[in-house]
Amino acid sequence: MIDVVAGFFLVLGALLALAAAIALVRFPDVFSRMHAATKPQTLGLICILVGLGLRLQSVAATTTIVLIVAFQLLTAPVASHMVGRASHRIGLLDSDRLSRNDLED
């Protein structure tokens with residue numbers, strides 16, 4: 001039964017990563033692509049790691065997986081924020097698509 005649940009999480013994570021990859025190619029601007037690069041990709045990675053943890057069932061693997069998830073949850077929003085600020089500074093902003101621009105001078 002655990003193998004079925006682990007397989008479900010692995011397939012779900014792979015589908016979320018695929019959706020993130022397709023969105024990175026299809027979305028029109030940097031800010032939309034930032035959304036696709038952080039949320040579904042992070043959730044997909046977490047699903048894959050949960051499936052891997054269920055399949056391996058060892059303390060060392062679970063500890064490593066928890067550290068990877070924590071590091072991913074801490075760094076993905078910061079990296080996305082930095083990409084957004086950099087793209088705003090170099091003028092990749094499409095102001096017609098924004099409802100509010102907090103960085104406008």
Side-chain angles (χ1 to χ4, degrees):
M1 182 66 185
I2 279 228
D3 287 340
V4 173
V5 175
F8 172 75
F9 277 108
L10 290 172
V11 170
L12 180 64
L15 289 175
L16 285 169
L18 177 66
I22 291 171
L24 280 175
V25 174
R26 301 280 309 193
F27 282 172
D29 60 351
V30 173
F31 295 107
S32 300
R33 289 179 182 160
M34 283 182 351
H35 174 77
T38 54
K39 291 178 183 158
Q41 181 269 340
T42 302
L43 185 58
L45 176 69
I46 290 171
C47 286
I48 288 174
L49 291 175
V50 166
L52 184 65
L54 288 173
R55 182 70 180 98
L56 293 177
Q57 295 183 348
S58 75
V59 174
T62 304
T63 303
T64 304
I65 287 169
V66 168
L67 287 174
I68 292 170
V69 168
F71 190 69
Q72 180 68 28
L73 289 175
L74 289 173
T75 58
V78 174
S80 177
H81 178 77
M82 297 307 289
V83 169
R85 295 283 296 211
S87 65
H88 186 270
R89 277 193 197 125
I90 63 174
L92 292 177
L93 176 69
D94 185 9
S95 58
D96 295 336
R97 293 182 165 266
L98 297 177
S99 59
R100 193 175 87 190
N101 186 1
D102 289 337
L103 299 175
E104 189 174 25
D105 295 331

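These values consider heavy atoms only, across backbone and side chains, with no hydrogens, waters or symmetry-generated copies. Here, residue 1 is the first one in the sequence, and each next residue gets the next number.
Taking the side chain as every heavy atom from C-beta outward, Leu16 and Gln41 never approach each other to under 4.5 Å. Side-chain contact check for Leu73 versus Ile46: some heavy-atom pair is nearer than 4.5 Å. Taking the side chain as every heavy atom from C-beta outward, Val78 and Leu74 never approach each other to under 4.5 Å. A 4.5 Å side-chain heavy-atom check between Gln57 and Ile2 finds at least one atom pair inside the cut-off.
Side-chain heavy atoms closer than 4.5 Å link hydrophobic residues (I, L, V, M, F, W, Y) into clusters, and following such links, possibly through other members, connects Leu43 to Leu12. Cluster membership check: Leu54 shares its hydrophobic cluster with Val69, using side-chain heavy-atom separations under 4.5 Å among Ile, Leu, Val, Met, Phe, Trp and Tyr. Clustering ILVMFWY residues whenever any of their side-chain heavy atoms sit less than 4.5 angstrom apart, transitively, puts Leu56 in a cluster other than the one holding Val66. A single hydrophobic cluster is not seen to contain both Val11 and Leu52; linkage of ILVMFWY side chains at heavy-atom distances under 4.5 Å, directly or through other members, places them apart.
Each of Leu67, Thr75, Ile68 was evaluated against Phe71; a single residue qualifies, Thr75, per the side chain to side chain contact (heavy atoms under 4.5 Å, CB included) test. Of the residues Val50, Leu15, Val5, Ile48, the one that meets the side chain to side chain contact (heavy atoms under 4.5 Å, CB included) test with Leu10 is Ile48. Evaluated for a side chain to side chain contact (heavy atoms under 4.5 Å, CB included) with Leu24, the options His35, Met34, Arg33 yield exactly one hit, Arg33.
Considering every non-hydrogen atom in both Phe31 and Ser87, the closest pair reads CZ-OG, 3.7 Å. The nearest pair of heavy atoms linking Ala20 to Ala36 is CB-O, 3.4 Å.
Side chain of Thr64 to main chain of Ala60: a donor-acceptor pair is present (N/O by atom type, distance under 3.5 Å, no hydrogens or angles).
Expressed to the nearest 0.5 Å, how far CZ of Phe27 lies from CD1 of Ile22 amounts to 10.5 Å.
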